[in-house]
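Structure, as C-alpha cells:
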Amino acid sequence: PGTTSNITDILTGRCEEYRKCLLGEPCLPFYRNVKCRAAVESFFKGIRNMDPCATPDNAYDEFLNMVPPTTVRGTTMFWSGVMGNNIPQDVAQVTPEFSVLEETFPGYMAGNLSWCGATDGDGTGLGLNFTVCPTWTSETCPNNTKAAFWARASKMLATQAVGDVYVVLNAQRAGGAFNNGSIFATIEAPNLNQDVVTNVAIYLIPDFQLAIPNEMYRETCTNGSVLYLQNFLMNMNFNVTCEENPKEIMWLQCARFANSPYCGPYAKGNPVV
Ligand code: AVW
C-alpha cells in the first residue's frame, strides 16, 4: 500500500490540534505543554533506517510516553473485526460515554496514515520509505512498522483503562466474532487490570452494510467464540456482560445504512434467541 508522503506535517498539525484541545475530546492540562516538533521527531526516531518488517516492540516508547493514550474512567471502548466502516469510531465520536484509541492523543495523530522504515533510503535522507510499505502478515512481515505502533498504543490503552470497559465485536465475522489472533485478544484483553476494571461489556453488532439476509448473527452472546471470550474473561476474574445489537450502535448503523434490511419494523434478521 502507498504511504503518506507528507506525514511529518500531518503529525505536527494533528499534535497542535490535540494539545490545544481543539477537538472536543477530554483534554488533559498535561498535554498542553507537549512540544510537537519533539513529539514528531520521537515518533520517527525508533524506525528510521530500520527494516520495515523488523521493528522493535519498543520503537515508539519515547513518543508514547510523551503523549500517552488516556481515557476517562468508565468510557474505554475496544473493537475488533469491525474496522470496515468505522462504526465504533463514529459512535464514540458522538457519544461522550465511549472513548476509542483513535480519539486519544497518539491514536488521533496516527489515524489513517501509512508509513514505514527503510534501510536503503530513498533519496529523502529521512530513513523512511515514501513510496510503498510492506503489508503486515504474521509470516512475511510480522514486526511491521505500523502494526508495531498500533500494538504498543493498544497495550497502553488497555493498561490504563479503569471502570467499565466495552468491546465491540462483529456478530458475522468469519471464523468467530472473537478472533484469537487479534490485537484485542492478544494485547488488550490480557492487559486489562482486574483490580480497577469493574465490568467488560461485550457489544455484539451485526454488519448492517453487508446485511446478509437471515444471518444477522453467526454467533450470539450464548454460543461460539463470544461464549468462549466470556468464560476467558470470567476466569480472569472480570465481571462480564454481553449485549446483541445495542441501541447506541444500532441507531448509528441505521442512520448510515438507511436501507439495511436490519432496520425498521420489518427488519429481516434472525430473531435473537
Ligand atoms: P481487527 P484488532 N488504525 O479488526 O483486535 C489503523 O482484528 O486486531 O481488530 N489500524 C489499526 C488501528 C487503528 N486505530 N488499531 C488497530 N489497527 C490494526 C486497537 C491492527 O494492527 C483498538 F483499540 C489490526 O491489524 C482495538 O480495540 C487491524 O488494524 C483493537 O486494537 C484490525 O484488526 C483492534 O485491533
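What you see is a predicted model; the values in this text were computed from it and never measured.
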Residues 183-192 vs side chain to side chain donor-acceptor pair (under 3.5 Å), sequence neighbours excluded, gives none

Side-chain ([X]) to main-chain ([Y]) donor-acceptor, under 3.5 angstrom:
X	Y	value
Asn129	Ala118	no
Thr95	Ala92	no
Arg48	Leu126	yes
Ser260	Phe257	no
Gln160	Thr71	yes
Ser80	Leu169	no
Glu219	Gly224	no

Residue pair [X] / [Y]: nearest heavy atoms and the distance that separates them:
X	Y	value
Thr75	Pro96	CG2-O, 3.9 Å
Val100	Trp79	CG1-CD1, 4.2 Å
Ala258	Cys263	O-CB, 4.5 Å
Val34	Ala39	CG1-CB, 4.2 Å
Val168	Val82	O-CG2, 4.1 Å

When rounded to the nearest 0.5 angstrom, what is the spacing between CD in Glu41 and SG in Cys36?
-> 13.0 Å

From Leu229 atom CG to Met234 atom CE, the distance as rounded to the nearest 0.5 Å | 9.5 Å

Count the heavy atoms of every other residue, nucleotide or ligand shown that sit under 6.0 Å from [atom1] of [X], and state whether that count exceeds 12.
X	atom1	result
Asn235	CG	yes
Asn112	CG	no
Glu17	CD	yes

Same apolar cluster (I L V M F W Y, side chains within < 4.5 Å links), [X]/[Y]:
X	Y	value
Met83	Ile87	yes
Leu23	Val72	no
Ile249	Ile212	yes
Met50	Ile7	no
Tyr108	Leu157	yes

Which pairs count as disulfide (SG to SG under 2.5 Å) when at least one residue sits in residues 186-227, sequence neighbours excluded?
-> Cys221-Cys242

Of all pairs that satisfy disulfide (SG to SG under 2.5 Å), the ones with a partner from residues 51-88, not counting sequence neighbours | Cys53-Cys141

Given side chains that start at C-beta, do those of [X] and [Y] come closer than 4.5 Å, heavy atoms only?
X	Y	value
Thr145	Cys133	no
Ile47	Leu128	yes
Tyr262	Gln253	no
Met156	Thr159	no
Cys15	Phe105	yes
Arg173	Arg218	no

Quick one: which residue pairs count as a ring-ring contact (aromatic ring centres under 6.0 Å, His included) with a foot in residues 35-59, not counting sequence neighbours?
-> Phe43-Tyr60, Phe43-Phe63, Phe43-Trp115, Phe43-Phe149

Inter- and intrachain pairs under ring-ring contact (aromatic ring centres under 6.0 Å, His included), touching residues 225-244, at least two apart | none

Sorted by chain and number, sequence neighbours left out, side chain to side chain donor-acceptor pair (under 3.5 Å) with Asn143 holds for none

Quick one: list whatever passes side chain to side chain donor-acceptor pair (under 3.5 Å) with Thr140, sequence neighbours left out.
-> Thr137

Under 30°, 30 to 60°, or over 60°: which ring-plane class applies to Phe184 and Phe78, parallel, tilted or perpendicular?
-> tilted

Among pairs that include at least one residue of [range], which meet salt bridge (Lys or Arg N to Asp or Glu O under 4.0 Å), considering only residues two or more places apart or in two chains?
range	value
residues 80-103	Asp90-Arg256
residues 52-76	Lys45-Glu62, Asp61-Arg152
residues 6-16	Glu16-Arg19, Glu16-Lys20

Which atom pairs, one a donor and one an acceptor, fall under 3.5 Å between side chains of residues 200-209 and the rest of the protein, sequence neighbours left out?
| unit_1 | atom_1 | unit_2 | atom_2 | d |
| --- | --- | --- | --- | --- |
| Tyr203 | OH | Glu248 | OE2 | 3.4 |
| Asp207 | OD1 | Gln209 | N | 2.9 |
| Asp207 | OD1 | Leu210 | N | 2.9 |
| Gln209 | OE1 | Asn85 | ND2 | 3.4 |

Distance-only donor-acceptor pairs under 3.5 Å for side chains of residues 26-33, two or more places apart:
| unit_1 | atom_1 | unit_2 | atom_2 | d |
| --- | --- | --- | --- | --- |
| Tyr31 | OH | Pro68 | O | 2.5 |
| Tyr31 | OH | Thr70 | OG1 | 3.0 |

